Visitor: 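Encoded as structure tokens, here's the structure I'll be asking about.
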Amino acid sequence: MNVLKQLKEFYWHEKKWLFASIFFLMCSTALGLVYPNLLRFLIDDVIRAENYSLVPYIALSVIGVIAVKASFQFLHGFTGGRLGNTVAYNLRNALYSKLQYLAFQYYDRAKTGDLMSRLTADLEAIRQFIGFGFAQVLNVFLMLGFGTIMMLTLSWQLTLVTFVTVPFIAITALRFEKTVHPAFRSVRKAMSNLTTAVQENITGVRTVKSFAREPYEVEKFSHRSEDYKANHITLAFAWAKFFPLMELLSNFCIVLLLTVGGWFVIDGKMTIGELVAFFSVVWYVIAPMRDIGLHINNYTQSKASGERVLEILHQYMHVKDKTGASVLKKDQVQGSVKFEKVTFAYTDKEPALTDFNVDAPAGTVIGLLGPTGAGKSTVIQLLMRAYNIREGRITLDGQDIRDISLTSLREQIALVFQETFLFSSSIRNNIAYSRRDVSMDEIIRAAKLAKAHDFIMELPEGYDTIVGERGMGLSGGQKQRIAIARAFLRDPKILILDDATSAVDMETEHEIQAGFQELMKGRTTFIIAHRISSLKHADQIIVLDHGKIVQRGTHEQLLREPGRYYETYKIQYSDHPSLVKKQIERRLAK
Ligand SMILES: Nc1ncnc2c1ncn2[C@@H]1O[C@H](COP(=O)(O)OP(=O)(O)OP(=O)(O)O)[C@@H](O)[C@H]1O
Ligand SMILES: [Mg+2]
């Protein structure tokens, strides 16, 4: 119930539909009790009393009851369906929106498959329960209540006999539920293992093929498939037992009632009409008993689903706007960035960045160099506030970035990553993703600056070619150029190039560099690169190792001192021995 209470905001404003759905179900259930009475009347007062003139009235009443009951059922189905779907809609949107705003920290650990199933299977369970399950549980009590009263008015002795036998049905149903529930869960788990295998395999198909691991994958899948089959057979076996067993028990109850009831009729304690009526009411008690396990199962399942959904909704927002966070206006931002004694760790282990200090006046270019895992990308993550720092501070135009609204902070930044993600949409939309309301001319201009225009024009449908997940595959370098075009279009105050040209050849890089020179004008730029050629023009180059700054200075300054920068330079220009020789000579001369 606690879960229901916590989800209240999602269904309570729909309470009119909830009450309507319950009301119509109650009406339909109550109306069902008219049949036994009609039957009794038909047998005792019409057939046995040979009062046949009443037959048309009875027939009309039966048709009337059927029609009205059907209308109530329709109304229950309609209102319940509306309620369930509206609640699911609200929850789905709330979940999705929460997922959009959850910090990177959450996604570092989240599993795609798990999130997907929460958004689909769990929501479905909640939709079913709120739409129908809840009313059905109430209906169980209604049926038991109405049925018992009706039975008592017909014969208290037979009612007693019923209540001696039906609990066995309930006990069996509950025991069945106990065995079938874990079996059901195993089936679901096996299914999820199966889909994960398929999903991973499809995503990683190139890796599988390149290592010729198809036989292993086939075998892995076959094991999981086997597991799924076995679990399903166990479940099928349980179900196969259940129905005959229920049939047996219900029939036993009926036979017992028939024996006792028949004897009552012969003895004159009861009329035939009453006995027949009693038999048709007895299902009001047997059916809920038989389904009790099912209802309990539905309830526990949707409760578990509710908990899983709430877990996301209540997820702590690691990074969020401060109250009264300032909103930056684009034309007022200068773009000077300062890192002051920043120390940051992703986990409890050693920090990814220690005592990091950088002063980047507006419009300057900062180069970041260092071996893999040195913490270069971390610097960028912190600047866009993907994570909150524990020590030190980062400022933009002198203002702590924690005091700036997240959206307006990120609006000042354009990023080109090592890996470019393309949405399954047209190239035009992929480039335009970085800004709202842009004209085709602007898109083409950006693509030209990013040296992407020519290859785009060679694609089958030019800018309308669908790329990404289900569209055309692009080469790494082409994807990067799209990302660069995105950055051009965004027109940011701060530009970040995280290994942005790693996937393009030297020649293209050279061409793009020219575009970058233009793009960097008037913007504070952070360039992360492994190639010295990409960052030698930076105003300030920072060399990182194990999260610490080991060197800083301009290209010329760094070449003059022994250290990692110079070593890197030597390796990268070793194909130009004369150049290196010249450098060394110059160093020695100083
Ligand atoms: N999301 C994360 N969760 C936990 N640890 C992380 C995460 N991202 C990076 N790290 C760790 O932080 C350290 C610095 O990583 P970072 O990505 O900043 O390196 P990098 O200098 O950009 O390397 P590369 O040149 O390979 O891109 C590494 O030890 C890395 O394992
Ligand atoms: Mg990196």
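Here the structure is a predicted model, which is why all the values come from computation and not from measurement. Whatever order the structure lists them in is the order used to number ligands and atoms, beginning at 1.
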Visitor: Check each atom of ligand 1 against the heavy atoms of Ser377 and keep those under 4.0 Å away; list them by number with element.
Guide: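 In order of numbering, the contacting atoms are 17 (O), 18 (O), 20 (P), 22 (O), 27 (O).
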
Visitor: Measure the distance from atom 6 (C) of ligand 1 to every protein heavy atom, then report the residue, atom name and distance (to 0.1 Å) of the closest one.
Guide: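 Going by distance alone, atom 6 (C) of ligand 1 is nearest to Tyr346 CD1, 3.2 Å.
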
Visitor: For ligand 1, which atoms sit closer than 4.0 Å to a heavy atom of Thr378?
Guide: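 So the answer, numbered in order with elements, is 14 (C), 15 (O), 16 (P), 18 (O).
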
Visitor: If you take the nearest heavy atom of each of Gly373, Pro351, Ala345, which one is closest to atom 13 (C) of ligand 1?
Guide: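 The residue whose heavy atom sits nearest atom 13 (C) of ligand 1 is Gly373.
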
Visitor: Have Asn388 and Arg402 got a donor and an acceptor in their side chains that come within less than 3.5 Å?
Guide: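 The answer is no; no qualifying pair exists.
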
Visitor: Any N/O/S atom, backbone or side chain, of Thr378 lying under 2.8 Å from the Mg ion (ligand 2)?
Guide: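 Short answer: no, not a single N, O or S atom is under the cut-off.
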
Visitor: Specify the protein heavy atom at minimum distance from atom 27 (O) of ligand 1: its residue, its atom name, and the distance to 0.1 Å.
Guide: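 For atom 27 (O) of ligand 1, the nearest protein heavy atom comes out as Gln418 NE2, 3.1 Å.
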
Visitor: Have Ser305 and Ser302 got a donor and an acceptor in their side chains that come within less than 3.5 Å?
Guide: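 Ser302 and Ser305 do not have a side-chain donor-acceptor pair below 3.5 Å.
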
Visitor: Do Ser117 and Arg308 have a side chain donor and acceptor closer than 3.5 Å?
Guide: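 A donor-acceptor contact under 3.5 Å links the two side chains.
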
Visitor: With a 4.0 Å cut-off on heavy atoms, is Thr347 in contact with ligand 1?
Guide: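 Outside the 4.0 Å threshold, so no.
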
Visitor: So for Gly375, does at least one of its heavy atoms come nearer than 4.0 angstrom to any atom of ligand 1?
Guide: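 Judged by the 4.0 Å heavy-atom criterion, Gly375 does count as contacting ligand 1.
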
Visitor: Indicate yes or no: does an N/O atom of Ala352 lie under 3.5 Å from an N/O atom of ligand 1?
Guide: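 No - when backbone and side-chain N and O of Ala352 are compared with those of ligand 1, no distance drops under 3.5 Å.
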
Visitor: Do His530 and Asp499 pair up side chain to side chain, a donor and an acceptor below 3.5 Å, judged on atom types alone?
Guide: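 The answer is yes; a qualifying pair exists.
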
Visitor: Is there a donor-acceptor contact under 3.5 Å linking the side chains of Ser326 and Gln399?
Guide: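 Yes - a donor-acceptor pair under 3.5 Å links their side chains.
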
Visitor: Check whether any side-chain heavy atom of Tyr228 lies under 4.5 Å from a side-chain heavy atom of Val187, and answer yes or no.
Guide: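 Yes, at least one pair of side-chain atoms sits under 4.5 Å.
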
Visitor: Given Lys376, Gln381, Gln105, His530, which one has a non-hydrogen atom that is nearest to atom 20 (P) of ligand 1?
Guide: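 The residue whose heavy atom sits nearest atom 20 (P) of ligand 1 is Lys376.
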
Visitor: Is atom 31 (O) of ligand 1 in close reach of the protein, with a heavy atom under 4.0 Å away?
Guide: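 Flag for atom 31 (O) of ligand 1 set to false, no protein heavy atom closer than 4.0 Å.
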
Visitor: Using a 4.0 Å cutoff against the non-hydrogen atoms of Asp108, which atoms of ligand 1 qualify?
Guide: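 In order of numbering, the contacting atoms are 1 (N), 2 (C), 3 (N).
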
Visitor: Check for me whether Arg213 meets the cation-pi criterion with Tyr216, that is, NZ or CZ under 6.0 Å from the six-membered ring centre and within 45 degrees of the ring axis.
Guide: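 Yes, cation above the ring, under 6.0 Å and within 45°.
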
Visitor: Charged N to carboxylate O below 4.0 Å: is that the case for Asp355 and Lys548?
Guide: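 Looking at Lys548 together with Asp355, the answer is no, because their closest N to O distance does not fall below 4.0 Å.
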
Visitor: Consider only side-chain N and O atoms of Glu442 and Ser439, and report whether a donor and an acceptor are under 3.5 Å apart.
Guide: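 Note: Glu442 and Ser439 side chains meet the donor-acceptor criterion.
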
Visitor: Tell me, please: is Tyr387 in heavy-atom contact with ligand 1, that is, under 4.0 Å?
Guide: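 Within the 4.0 Å threshold, so yes.
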
Visitor: Which residue and non-hydrogen atom of the protein lie closest to atom 24 (P) of ligand 1, and at what distance in Å?
Guide: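 Protein heavy atom with the smallest distance to atom 24 (P) of ligand 1: Thr372 OG1, 3.6 Å.
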
